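Just so you know, these numbers come straight off a predicted model, no measurement behind them. Every heavy atom of this structure was used, including side-chain atoms; hydrogens, water molecules and symmetry mates were not.
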Amino acid sequence: MDADAIIIGAGACGLMCAVQAGYLGKKVILLEKSDKAGAKILISGGGRCNYTNLFATDEQFISDNKHFSKSAFTQWTVSDTISFFETYGITGKEKTLGQLFPDGKNAKDIVEVFTTVCADFDQQIICNAQVADIEFINDSSFTVKYEKGGKQRILKAPKLVITTGGLPIPKMGATDFALRFARKHALNIIKTAPALVPLTITGKDEDWYAQLSGNSVFCEVSNHRISFEENILFTHWGLSGPAILQISSYWRSGEEININLLPGENITNLIDQERKQNGKSLLSTLFNRFYPKKLTDAMSKFLPIEKQVASLTKAEIELIHATIHLFKVKPAGDKGYDKAEVMRGGIDTNELSSKTLECKNIPGLYFGGECIDVTGWLGGYNFQWAWANGYVIAQNL
C-alpha cells in the first residue's frame with residue numbers, strides 16, 4: 001500500500017481531510033487535477049476568503065435530506081473552524097451577517113495553512129494529476145491510475161476519498177468527476193443545477209433592467225419557499241447581488257420571485273407623512289431618499305413619479321404600494337455554472353453514512369464537500385461544510 005488513503009481533489013474538503021488524517025498519524029496522498037492546491041479557495045471572496053460563518057447550522061443548507069448535515073456539524077463546529085485557523089495565526093474578522101474573513105490576511109494564507117501542515121506531516125500533494133481509472137481490488141483496496149507529465153502512474157490504498165467539488169467555474173478546472181464516478185457505480189444522483197448564481201432577464205423587460213446596470217439596492221427578495229434581506233444588483237443582463245444569489249438556490253425555472261424594494265418601511269405611510277409635511281413635493285423626491293436616481297427615473301415606466309404626492313389618487317397609491325413592496329420578477333434563467341458559486345444537488349445522501357460519509361454499498365469509499373447533495377447559503381457556509389466533511393472522513397480512514 002502506498003498510503004492509508006488516496007484523496008482525489010485538493011480543495012477545501014480534501015485539504016482538511018489530509019491535515020486531520022495527519023493529526024491521527026495516517027498517511028494520505030492527494031491527487032489534484034489543477035496546477036495548485038486550493039484553486040477555488042484562492043478565488044473565493046475576491047481572494048479574501050470568507051472561510052466560515054458564525055451562524056452556520058444545518059438550517060442554512062439545502063438537501064433532499066435536510067437532516068443529513070447535522071452529524072457532520074455536530075462533530076466539527078464553527079468554533080472548531082475558528083480554533084483551527086487561530087492555531088495557525090489566522091483570526092477571523094466579521095464583515096456582515098456572521099461572515100468571517102481572515103483579519104489582515106487572505107485566501108493565500110488559508111491555503112498556505114494546509115500546504116504547510118501537509119508538508120509537516122509528509123502528506124503528499126500531487127498536482128497536475130489526471131485520474132484515468134479507479135479499480136476495487138477484492139473489496140479491500142483501491143488502485144488509482146493517473147497521468148502526470150505524460151507518464152502513467154499507479155497508487156494503491158485501502159481507502160479512497162473523492163472530494164473533487166461540483167460543476168461551477170469550469171475555467172478553474174471544475175469537472176463532473178465525482179458524479180460520473182458515482183453513476184458508473186450505480187449511486188443515485190439528485191438532479192444538479194447552478195446555485196448562488198445571478199439570474200437573467202430577457203424579453204420586453206430586458207432594456208429596463210439593462211439601463212439600471214450597476215445600481216445596488218437593499219431589498220427583501222422572496223418566493224414561497226424563503227426570503228432574504230440583502231442588496232440586489234441590477235446588471236445589463238438581469239439581477240445579481242447577495243439577495244439574488246441566495247434566492248437563486250431556491251428558485252426553479254418558470255417561477256416568479258418577489259422583491260420588496262423598501263423592507264422595514266411602508267410606502268403608503270411615507271406618502272401620508274409627506275402629504276402632511278409638503279404635499280407639493282413630487283413622488284420622485286420621496287423616492288430619491290431611498291433609491292439611486294437612476295432607479296427613481298426608471299420607475300416612471302410603472303408609476304406617476306413626477307406627480308405631487310398630494311395629488312395622488314387612492315388607486316395610484318395602491319399601485320405604488322404594490323410596485324414597491326411586491327415587485328414581481330420572472331427570470332428567464334440563470335448565468336450557468338460559469339458564474340455560479342456552487343452546485344445544487346449531487347450524490348444522494350441516502351447513499352452515504354451521515355456519521356462517516358462512507359459509501360454504504362462500497363466500503364472504504366468516501367465522498368465529501370460540494371459533490372454531495374448538500375448546498376449552503378452564501379457567506380462562508382459551504383466552506384464550513386467542506387471543513388466539517390474533511391474532519392469527519394479523516395476520523396474514519
Side-chain donor-acceptor contacts of residues 236-247 below 3.5 Å, not counting sequence neighbours, with atom names and distances?
residue : atom : partner : partner atom : Å
Q246    : OE1  : L378    : N            : 2.8
Q246    : NE2  : L378    : O            : 3.3

When you measure from the side chain of [X] to the backbone of [Y], do you find a donor-acceptor pair of N or O atoms at a distance under 3.5 Å?
{"X": "Q60", "Y": "T57", "value": "yes"}
{"X": "K27", "Y": "D122", "value": "yes"}
{"X": "Q123", "Y": "A18", "value": "yes"}
{"X": "Q395", "Y": "Y391", "value": "yes"}

Name each donor-acceptor pair under 3.5 Å that joins a side chain in residues 93-104 to protein atoms two or more places apart or in another chain, with its distance.
residue : atom : partner : partner atom : Å
E94     : OE2  : G98     : N            : 2.9

Residue pair [X] / [Y], side-chain heavy-atom distance below 4.5 Å:
{"X": "F142", "Y": "P158", "answer": "no"}
{"X": "Y366", "Y": "I162", "answer": "no"}
{"X": "C49", "Y": "F383", "answer": "yes"}

So, for [X] and [Y], which heavy atoms are closest and what is the spacing to 0.1 Å?
{"X": "V197", "Y": "K339", "value": "CG2-C, 4.2 Å"}
{"X": "L212", "Y": "F234", "value": "O-CB, 3.3 Å"}
{"X": "S248", "Y": "A195", "value": "OG-C, 4.0 Å"}

Practice prompt. Starting at CD1 of I6, measure out to CG of L155 and round the result to the nearest 0.5 Å.
Written response: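 If we round to the nearest 0.5 Å, I6:CD1 and L155:CG are 5.0 Å apart.
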[X] and [Y]: side-chain donor and acceptor closer than 3.5 Å?
{"X": "W377", "Y": "S249", "result": "no"}
{"X": "T77", "Y": "D80", "result": "yes"}
{"X": "T143", "Y": "E135", "result": "no"}

Worksheet item: Going through the distances and angles, do N215 and K294 end up as a side-chain hydrogen bond (donor to acceptor under 3.5 Å, both in side chains)?
Response: CA-CA 8 Å; N215 284 268; K294 265 194 174 182; over 6 Å; no
List the residues meeting salt bridge (charged side-chain N to carboxylate O under 4.0 Å, His left out) with [X], not counting sequence neighbours, and say none if there are none.
{"X": "R180", "result": "D176"}
{"X": "R183", "result": "none"}
{"X": "K108", "result": "none"}
{"X": "D58", "result": "none"}

Exercise answer: donor-acceptor pairs, residues 302-320 side-chain atoms, under 3.5 Å, sequence neighbours excluded:
residue : atom : partner : partner atom : Å
E306    : OE2  : S284    : OG           : 3.4
K307    : NZ   : S311    : O            : 3.4
K307    : NZ   : E316    : OE1          : 2.9
K307    : NZ   : E316    : OE2          : 3.0
T313    : OG1  : E316    : N            : 3.1
T313    : OG1  : E316    : OE1          : 3.4
E316    : OE1  : T313    : N            : 2.9

Practice prompt. Describe, in one word, how the ring planes of F85 and F114 are oriented to each other, choosing from parallel (under 30°), tilted (30 to 60°) and perpendicular (over 60°).
Written response: perpendicular
Discussion item. Show every side-chain hydrogen bond (donor to acceptor under 3.5 Å, both in side chains) that has at least one partner inside residues 340-355, sequence neighbours left out.
Written reply: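 Of all non-adjacent pairs touching residues 340-355, those that pass side-chain hydrogen bond (donor to acceptor under 3.5 Å, both in side chains) are N188-D348, D348-N350, S353-T356.
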Worksheet item: side-chain hydrogen bond (donor to acceptor under 3.5 Å, both in side chains): which pairs involve residues 12-23, sequence neighbours left out?
Response: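 Qualifying pairs, neighbours excluded: Y23-Y88.
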Fill in: Any residue meeting side-chain hydrogen bond (donor to acceptor under 3.5 Å, both in side chains) with K70, in chain and number order, not counting sequence neighbours
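For K70, the residues satisfying side-chain hydrogen bond (donor to acceptor under 3.5 Å, both in side chains) (neighbours in sequence not counted) are H67.
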Would you mind writing out the side-chain donor-acceptor pairs for residues 329-337 within the sub-3.5 Å range, not counting sequence neighbours?
residue : atom : partner : partner atom : Å
D334    : OD1  : G336    : N            : 2.7
Y337    : OH   : A193    : N            : 3.2

Worksheet item: Ring centroid separation for F228 and W251, is it under 6.0 angstrom?
Response: no
Practice prompt. Could you list all the salt bridge (Lys or Arg N to Asp or Glu O under 4.0 Å) pairs where at least one residue sits in residues 214-231, not counting sequence neighbours?
Written response: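 Of all non-adjacent pairs touching residues 214-231, those that pass salt bridge (Lys or Arg N to Asp or Glu O under 4.0 Å) are R225-E255.
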